[in-house]
Asks: 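Have a look at the structure that comes next, please.
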Amino acid sequence: MEGSGWRLLGRRLLQVLPVLGLLLVVVFALQALIPGDPARAIAGPRATEAQVAHVRADLGLDETVTTRFASYVGRLAGGDLGESNRSDVPVTQIIGQRVGVTLSLLLGGLVASVLLAGPAALVLALRPRSRAAWVIERVLSVAINLPSFWVGLMLATVVGLRAGLLPVGGLEPGLGGHLRSYLLPCLTIGISLSPFLARSAATSLREVVASDYVVTARSVGASGTFLFRRHLLRNALPPTVTLLGFQAGALLFGTVIVEQTFALPGLGAEMITAAAQRDFPVVQGLTLVFGLGIIVFNLLADVAVSVLDPRTRTA
Amino acid sequence: MAASSLEVEGLEVVTRAGVPILDDLSFRVAEGQALGIVGESGSGKSVALRATMGLPPAGTSVRAGTVMVGDRRVPAGSVTPAGVAMVFQDSFTSLDPTMRLGSYLAETVARHRGATIAAARSRARELLRDVGMTEPELRMRAFPHQLSGGLRQRAAIALALATDPRYLLCDEPTTALDVTLQARILALLKARQGAAGLGLVFVSHDIAVVSQIADVVAVMYAGRIVEIGPTATVIGSPRHPYAQALVAALPDLDRPGTRFLSIAGTPPDPSEFTAGCRFQARCGHPGTGCDQPLAGLDGRDHRHRSDCLHEDTHPAGRAS
């Protein structure tokens, strides 16, 4: 059984390969989709035709599409994502400097949404007729429709600026400063993600509570936190974890907006700056990273589900 | 009373809307004895077991009654009275899919005996051997979905036995199995009954299966016991028209080619329960007084009786 866990991971990685290939093609094709001629953009508005042609040859843009794609993949394999048009800094270095902020946001956002959604789901599933459940249901209906940029702005305005409790822009120095700076951004992500999570978790928890196997578990004396930990949670989690995997894209998009709102130097903020300045290599590199992020996120969700539910391991 | 017994008295189960599914049901089983409860679906037999365990089906609740385990009195509705365990109908849905058999058994043993994990695991292996599993070490590591139907039902019985019960409530434990497996599981339950002096309450819609294992049979119809008595007498000379029809519906191997008998109509919905005889609409020979309120039989008394006012006037063994 233990060995098959690794085999399963191996098989999942194989399944990822075609997706990865597709991602590379799409990211490569971005070049063609972007309006304007990159060679002319680099050479500048006053360049002569000859200069533009020179730049074009320099960039290898006069080669056939397949040759260009092959050399693009080749450079990627060597860890080369090109350099920024603005600063000549390698794109890998730009990503390296900023990926930590985005990962912290993702992790913090996930923690915040679990902390918000968990108790809500418990009340909805276990005390469906209570007053608290009624209130939570109403709050969720509203929260599920709140756009995250608005939530972020509201939090920044009310908690950050009016009350002056927390920083609303950039990262304060030191560990404590970092934690304080991440609090509102992570809460923003948590608020926009948790309604989905709470609804999904409550639904699967309700199903599990009514299931035959929980009746059996109670008949042999399982109760309280033991029943919850051993029988309810493990059975209720897989559908929610799967949903979380599907939300990967929304989550990453959320970090882009939140980084912009709270002026955090992460990948998302860099993406917006680069796009505005037509810094194509950076946009391309970041798109690739975001795509990879979604693939990895889904892979993790898959693995987590198979750890939780033994029935999915043989499939 | 010679042997210690499980007594259920005045069990009343109602739906959320307040409609009674069981009103005033009582039964008794002694240690080492097997009580069979027969009835078609909707007769309340499964509900009676679930209510005894304090785990009534979703949407229903226990309104009244007491459960006596030996000389301990438990208000009906309290969850899992000590000394009583239950085996459920469908082992495919009734075993937790995320639990390895060994852990599930060992944790249950540890909870009930206060044993160490090592001692509990060795007891778990013993339980698996008791229910006739070969290679218990291998089965300990299995998840329910990796077991065949027969093995799963054995596992479910082992789990119930892990609580060291004196009484085992079996809710159609063989219905989901083929005939060969049915016979094996029945033999297993009988062996446990003999070896451990377990009191069995065995519920089934199949009077043939019940007659193989039960010392006493109670026939339930629409939430009431309509006939009760020693198995041989109830099967041999049923008195209630409903019991007669059930017995007559048994296929007869000595006379192949005869048509199966069936009882016309369907049992009433709990919302249509009346105070009088609830079988009269389907009865072949209703007489006067069938509308008079009936109390239902007290299942703690195992002498052969029926609930029919006219039991002496219709011929035994043949219903219309």
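In the text below, chain A, chain B and the rest are named by the order of the sequence lines, each starting its count at 1.
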Asks: Starting at OG of Ser219(A), measure out to CE of Met86(B) and round the result to the nearest 0.5 Å.
Replies: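 Ser219(A) atom OG to Met86(B) atom CE measures 7.5 Å (nearest 0.5 Å).
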Asks: Counting only non-hydrogen atoms closer than 4.5 Å, does Thr108(B) touch chain A with its backbone (N, CA, C, O), its side chain (CB onward), both, or neither?
Replies: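 Contact with chain A: side chain only.
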Asks: Taking all non-hydrogen atoms of both residues, which atom of Pro310(A) and which atom of Pro97(B) are closest, and how far apart?
Replies: CG-O, 3.1 Å
Asks: Any chance CZ of Arg131(A) has more than 12 other-residue heavy atoms, nucleotides or ligands included, within less than 6.0 Å?
Replies: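 No, because the 6.0 Å sphere around CZ of Arg131(A) holds 12 heavy atoms or fewer from other groups.
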Asks: Measuring heavy-atom distances to chain A, does Glu107(B) have an atom under 4.5 Å in its side chain, in its backbone, in both, or in neither?
Replies: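 Contact with chain A: side chain only.
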Asks: Checking Ser103(B) against chain A: side chain, backbone, both or neither under 4.5 Å from a heavy atom?
Replies: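 It is the side chain, since no backbone atom gets that close.
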Asks: Taking atom CG as the centre, does Asp178(B) end up with more than 12 heavy-atom neighbours from other residues, nucleotides or ligands that are less than 6.0 angstrom away?
Replies: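 It does: Asp178(B) CG has more than 12 such atoms within range.
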Asks: Out of Leu95(B), Leu55(B), Val87(B), Asp96(B), which one racks up the most heavy-atom pairs below 4.5 Å with chain A?
Replies: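 Among Leu95(B), Leu55(B), Val87(B), Asp96(B), the one with the most close pairs to chain A is Asp96(B).
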Asks: Can you say whether Thr98(B) sits under 4.5 Å from chain A via the side chain, the backbone, both, or neither, judging by heavy atoms?
Replies: both
Asks: Could you check if a side-chain atom of Phe88(B) sits within less than 4.5 angstrom of a side-chain atom of Val215(A), using non-hydrogen atoms only?
Replies: yes
Asks: Need one label for Ser211(A): side chain, backbone, both or neither, based on atoms under 4.5 Å from any heavy atom in chain B.
Replies: neither
Asks: Heavy atoms only: give me the nearest Tyr213(A)-Tyr104(B) pair and the separation to one decimal.
Replies: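 Shortest heavy-atom separation between Tyr213(A) and Tyr104(B) comes out as O-OH, 4.1 Å.
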Asks: Hey, which of Val79(B), Asp90(B), Leu159(B) has the most heavy atom pairs under 4.5 Å with chain A?
Replies: Leu159(B)
Asks: Under 4.5 Å from any heavy atom of chain B, what part of Ala210(A) do you find: side chain, backbone, both or neither?
Replies: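 Looking at Ala210(A), nothing touches chain B.
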Asks: Are more than 12 heavy atoms, taken from residues, nucleotides or ligands other than Phe246(A), located less than 6.0 Å from that residue's CZ atom?
Replies: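 Open.
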Asks: Could you please spell out the steps behind the side-chain contact (heavy atoms from CB on, under 4.5 Å) verdict for Arg111(B) and Val220(A)?
Replies: CA-CA 9 Å; Arg111(B) 178 166 53 242; Val220(A) 296; 3.9 Å; yes
Asks: Any chance CZ of Phe228(A) has more than 12 other-residue heavy atoms, nucleotides or ligands included, within less than 6.0 Å?
Replies: yes
